[in-house]
Structure formats: C-alpha cells, structure tokens
Amino acid sequence: MRIATWNVNSLRSRIDRVEAFVQRHEVDVLALQETKAREDQLPLMGLQALGYEIAVAGFNQWNGVALLSRVGLEDVEVGFADMPSYGDPAAEEARAIGATCAGVRIWSLYVPNGRKPDDPHYVYKLDWLARLRATASAWLDGETALVGDWNICPTDDDVFDVKQFAKSTHVTPPERAAFQGFLDDGYAEVTRAHDPGYTYWDYYRQRFERDRGLKIDFVLASPTLASRVTGAFVDREERDPARYAGAPSDHAPVVVDLV
DNA sequence: ATGGTCGTTACACGA
C-alpha cells in the first residue's frame with residue numbers, strides 16, 4: 001500500500017495536480033492539508049472517477065484537511081478543532097480527519113502554525129499537540145499513521161538556516177519536545193531515513209531553486225505499522241515551479257510505501 | 001529590519 005501526505009495550499013486551485021499526482025504515483029491513500037474548501041465547493045468527480053472515496057473536514061480560507069482513499073475509507077472521524085480566532089468562530093474548523101483504510105488508521109493532521117513564539121497561537125499549538133499526543137498514545141497498539149504538516153523542524157538539519165529562525169516558531173525547544181513526545185511514546189518517524197530532504201520551501205526569494213527549505217511534513221507510524229514501511233520519498237518535482245503548469249503548492253508531497 | 005509570493009466569497013491577512 002502506498003500512502004502520501006501533501007499540504008496542497010488550496011485543493012480547488014490544484015485539483016488537476018492532485019489528480020495527476022495520485023495517478024503518477026499510484027497513491028492508495030492521500031492525506032491533504034490546507035484544502036481551503038468545503039466539500040460542496042470541490043470538483044471531486046475526477047477523483048471519484050479514478051476510484052477514490054473522499055472525506056473533507058474543517059474549512060476556512062486558510063485551513064482544512066481531507067482524506068482520499070481507493071482502498072476503503074471507513075469510520076471517518078473529525079477532531080482537534082481550530083483556534084476560534086481563525087475565520088468564523090461559529091464555523092466548525094477541524095485540523096484533523098481520521099479514517100480506516102485497508103485496516104490502517106490514518107490521520108491527516110494540520111498542526112497549528114503558531115505564528116510567533118510570543119503569540120497566543122503558539123501556546124495553542126503546544127496545547128493542541130499535547131491533546132493530540134494524549135489521544136494518540138491510545139492508538140499505539142494498532143496500525144496507526146499520524147501524517148501531515150507538523151509545522152515543526154525536529155532537528156537543525158530540518159532548517160536551511162537555523163540562525164534565521166532564532167526568534168521564530170518551528171524550531172523552539174518546546175515545539176521540538178512536543179514532537180519528541182510522540183517518539184518517546186513509541187511512534188516512529190518513517191520518512192527521514194529514506195529521504196532526509198526538505199518538504200517545504202517558501203514562495204519568496206526563489207527558495208526552492210536554492211533549496212532553502214524546511215522539513216516539516218512527517219509520517220509517524222505505530223510500531224506495527226512502522227515495521228511494514230519499505231520506502232519513502234519527497235516528490236520535489238511537484239514543488240518545482242518549472243516542472244508543471246501553474247503555481248505549485250509551497251509544500252511537496254511525501255510518499256510512503258508499506259508491504 | 002525588510003520584502004518577497006502565494007491563496008482566499010480577498011482590496012487584508014495568513015502562511
């Protein structure tokens with residue numbers, strides 16, 4: 001089975017790329033983040049014609065998550081609501097959607113950005129991660145994957161220039177400790193060993209062309225699932241502005257293979 | 001310190 005995760009930065013603006021991506025790599029399950037659309041706004045017929053079931057949750061003009069699967073999509077669950085200060089406080093905003101696909105419980109996660117270390121959103125980010133960890137620790141016995149945009153650079157190697165991030169989120173010790181907590185509990189990050197490269201490059205300043213990026217998109221697997229991983233890679237071509245028509249997402253997809 | 005570029009029921013704001 002091949003699963004993938006991709007912060008797509010608007011599913012509507014990149015629906016053609018998503019269709020091409022899942023076909024190009026024969027992806028069985030795709031977790032999406034920053035979908036920025038309600039299901040009723042999405043032209044999903046193409047993906048359905050390709051055999052994908054779709055579950056969409058949590059939307060405003062910045063966030064939103066989704067799961068596509070051609071190997072079953074059961075027991076869909078939405079959780080970990082967004083901070084109310086984003087968008088319409090009355091709208092239900094989710095930053096996580098989970099489903100069971102061919103026996104594997106997969107969660108598409110869009111960890112809060114945090115904005116700045118002195119911002120309330122930063123506190124919210126750490127609290128959100130603590131709540132996720134407490135819940136996810138109960139899933140270690142099963143075949144569980146926590147995939148998505150973690151908005152954390154766990155090591156200095158995951159930042160093109162640590163000095164530039166001295167006063168920024170993504171690299172602070174509390175964020176790194178929050179990420180490490182999942183590993184301490186027994187989850188394994190299964191992509192780095194196969195592809196240590198960045199997964200995100202800012203749109204400005206030709207950051208992709210100069211490979212000035214961040215590694216912030218990860219796949220954490222429970223022990224049983226981790227033992228099934230045979231490979232992983234970052235699809236950098238999907239981030240290359242020169243490779244395909246139209247603007248790319250600022251994130252590249254991450255693909256993982258399981259026996 | 002600033003600005004650069006994407007996206008969105010947008011002409012400001014989040015990433």
Side-chain angles (χ1 to χ4, degrees), chain A residues 5-18 21 31-44 56-66 80-96 108-126 128-129 148-153 158-172 175 198-218 236-254:
Chain A
T5 180
W6 189 9
N7 180 324
V8 74
N9 187 17
S10 169
L11 187 46
R12 274 175 290 178
S13 71
R14 265 173 277 283
I15 192 74
D16 292 347
R17 279 177 179 262
V18 171
F21 169 75
L32 293 162
Q33 301 88 35
E34 285 202 69
T35 46
K36 301 185 179 180
R38 299 184 306 269
E39 188 163 4
D40 63 85
Q41 296 175 306
L42 293 167
L44 298 170
V56 174
F59 56 90
N60 60 30
Q61 63 178 311
W62 301 299
N63 303 324
V65 285
F80 301 98
D82 205 346
M83 190 168 180
S85 63
Y86 282 95
D88 179 2
E92 184 179 346
E93 306 293 353
R95 282 183 171 270
S108 176
L109 307 173
Y110 182 42
V111 175
N113 175 285
R115 298 189 181 181
K116 294 279 169 56
D118 61 356
D119 191 292
H121 285 81
Y122 176 82
V123 178
Y124 181 78
K125 177 181 193 174
L126 296 177
W128 192 96
L129 286 160
D149 178 357
W150 288 76
N151 270 317
I152 297 171
C153 301
D158 303 327
V159 196
F160 66 89
D161 183 356
V162 178
K163 289 194 291 293
Q164 277 195 37
F165 281 72
K167 294 177 180 173
S168 303
T169 57
H170 293 57
V171 300
T172 66
E175 289 168 283
Y198 300 137
T199 64
Y200 162 88
W201 299 259
D202 205 301
Y203 281 124
Y204 331 137
R205 296 186 163 193
Q206 298 192 298
R207 288 266 172 83
F208 177 80
E209 289 79 352
R210 298 185 293 134
D211 197 27
R212 310 269 286 170
L214 306 177
K215 194 172 188 65
I216 54 177
D217 298 272
F218 296 104
R236 270 172 215 82
E237 285 201 348
E238 189 57 65
R239 176 62 183 85
D240 186 347
R243 184 66 185 77
Y244 301 107
S249 170
D250 43 3
H251 293 248
V254 179

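All figures in this text were calculated on a predicted structure; none of them were measured in a lab. Throughout, a chain's letter reflects where its sequence line sits, starting with A, and its residues are numbered from 1.
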Contacts of A:T35 that satisfy side-chain contact (heavy atoms from CB on, under 4.5 Å) - sequence neighbours left out
A:L11, A:L32, A:A66
In whole angstrom, give the distance that lies between atom NE2 of A:H251 and atom C1' of B:dT5.
14 Å
Tell me the interatomic distance from A:N151, atom CG, to B:dG14, atom P, rounded to whole angstroms.
15 Å
Euclidean distance, atom CD1 of residue A:I216 to atom P of B:dA15 [Å, nearest integer]:
12 Å
If the C1' atom of B:dG4 is compared with that of B:dC13, how far apart are they to the nearest Å?
16 Å
Over how many whole Å does the gap from A:E209 atom CD to B:dG4 atom P extend?
17 Å
Under 3.5 Å, sequence neighbours excluded: what are the donor-acceptor pairs made by side chains of residues 162-169 of chain A?
none

Under 3.5 Å, is there any donor-acceptor pair linking the side chain of A:Y110 to the base of B:dA15?
no
Contacts of A:K215 meeting side-chain hydrogen bond (donor to acceptor under 3.5 Å, both in side chains) (sequence neighbours excluded), chain-then-number -> none
Nearest-Å distance for atom pair CG/C1', residues A:N7 and B:dC6:
12 Å
Tell me the salt bridge (charged side-chain N to carboxylate O under 4.0 Å, His left out) pairs involving residues 7-16 of chain A, sequence neighbours left out?
none
For A:Q206 and B:dC6, give me the distance from atom CD to atom P, rounded to whole Å.
11 Å
With a 4.5 Å cut-off on side-chain heavy atoms, are A:E175 and A:V171 touching?
no
Name the nucleic acid region contacted by A:E34, choosing base, sugar-phosphate or nothing; use a 4.0 angstrom heavy-atom cut-off, strictly under.
sugar-phosphate
State which residues pass side-chain hydrogen bond (donor to acceptor under 3.5 Å, both in side chains) with A:D158; sequence neighbours excluded, sorted by chain then number.
A:T155, A:R192
Return a single string for nucleotides 7-12 of chain B, one symbol per nucleotide in 5' to 3' order, where B is base contact, S is sugar-phosphate-only contact and - is none, cutoff 4.0 angstrom on heavy atoms.
BBB---
Under a 4.0 Å heavy-atom cut-off, which of residues 159-168 of chain A touch DNA chain B?
none
In whole Å, what separates the P atom of B:dG7 from that of B:dT2?
26 Å
I need the CZ-P distance between A:R95 and B:dG14, as an integer number of Å.
12 Å
Residues in side-chain hydrogen bond (donor to acceptor under 3.5 Å, both in side chains) contact with A:S249, at least two apart in sequence or another chain:
none
Phosphate contact (B:dG4 OP1 or OP2) by A:R207 side-chain N/O below 4.0 Å:
no
On a whole-Å scale, what distance lies between the P atoms belonging to B:dT5 and B:dA10?
22 Å
side-chain hydrogen bond (donor to acceptor under 3.5 Å, both in side chains) with A:N9: which residues, sequence neighbours excluded?
A:K36, A:Y203
Whether A:H251 and A:Y200 hold their rings parallel, tilted or perpendicular, with breakpoints at 30° and 60°:
tilted
Nearest whole angstrom, please: distance from the C1' of B:dA15 to the OH of A:Y124.
17 Å
